[in-house]
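Report on one structure; see the data block that follows.
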Amino acid sequence: MIYPLNPLLTELLVLAMICQQDSYGYQISQQLKTVSNLKDSALYPILRRLAQNQYVDIYDQQFQGRNRKYYKITEAGRKQKEFLEQEWNTHVQAVFEILNNGQPTEGGKDE
């Protein structure tokens with residue numbers, strides 16, 4: 001089942017992918033398709049916003065005779081990814097508590 005992604009979760013996933021390695025748009029979109037139904041046309045405004053917020057740098061590189069636009073994480077982008085990841089983990093823990101009848105889970109596992 002694919003759940004819809006909200007903008008902050010999408011931003012977290014994109015930053016996480018770019019943290020792993022410099023990536024280009026199509027590569028990011030294909031990886032996102034494994035967990036969402038995000039359209040390619042919706043990805044590029046997100047990448048532009050990340051660049052405007054200085055979370056990623058953009059550079060061109062030749063690939064098979066064409067320029068490909070790559071996205072590289074910045075230090076601000078790493079910090080934003082860490083912040084969003086902490087927020088996501090808190091959210092997931094709260095969801096697990098609801099699913100567990102209000103009982104906290106230890107390390108994300110049922111007792």
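The shortest side-chain heavy-atom distance between T10 and L43 does not fall under the 4.5 Å cut-off. Using a 4.5 Å heavy-atom threshold, the side chains of Q21 and Q27 count as touching. Side-chain atoms of L38 and K33, non-hydrogen and from C-beta on, never get closer than 4.5 Å to each other. With a 4.5 Å cut-off on side-chain heavy atoms, Q62 and R66 do not count as touching.
In terms of heavy atoms, L47 sits closest to G25 at CD1-CA, 4.2 Å. Minimum interatomic distance between I2 and V35 (heavy atoms only, all atoms of both residues): CG2-O, 3.5 Å. When all heavy atoms of V56 and I18 are compared, the closest pair comes out as CG1-CD1, 3.9 Å. The two residues S36 and L5 make their nearest non-hydrogen contact at CB-CD1, 3.3 Å. The two residues S23 and M17 have their closest heavy-atom pair at OG-O, 3.9 Å.
Residue R68 holds its CZ atom at 11.0 Å from OH of Y59, rounded to the nearest 0.5 Å. Taking NZ of K72 as the reference point, atom CG of D22 lies at 5.0 Å (rounded to 0.5 Å). Atom-to-atom distance recorded for L12:CG and E82:CD is 11.0 Å, nearest 0.5 angstrom. With values rounded to the nearest 0.5 angstrom, I46 atom CD1 is found 7.5 Å from L50 atom CG. We find the CD1-CG distance between I73 and L15 to be 4.5 Å, quoted to the nearest 0.5 Å. Remark: Y71 OH to D57 CG distance equals 12.0 Å, nearest 0.5 Å.
Using a distance-only test at 3.5 Å, with no hydrogens or angles considered, no donor-acceptor pair links the side chain of N53 to the main chain of Y55. Looking at T34, its side chain never comes within 3.5 Å of a backbone N or O of Q30 through a donor-acceptor pair.
A salt bridge is absent between E11 and K81; no separation between the charged side-chain nitrogens and carboxylate oxygens falls under 4.0 Å.
Within 6.0 Å of the OH atom in Y26, the count of heavy atoms belonging to other residues, nucleotides or ligands does not exceed 12. In this structure, Q54 places its CD atom where only 12 or fewer heavy-atom neighbours from other residues, nucleotides or ligands lie under 6.0 Å away.
Taking the six-membered ring where the residue is Trp, Y70 and Y24 present perpendicular rings, their angle passing 60° and hence far from 30°.
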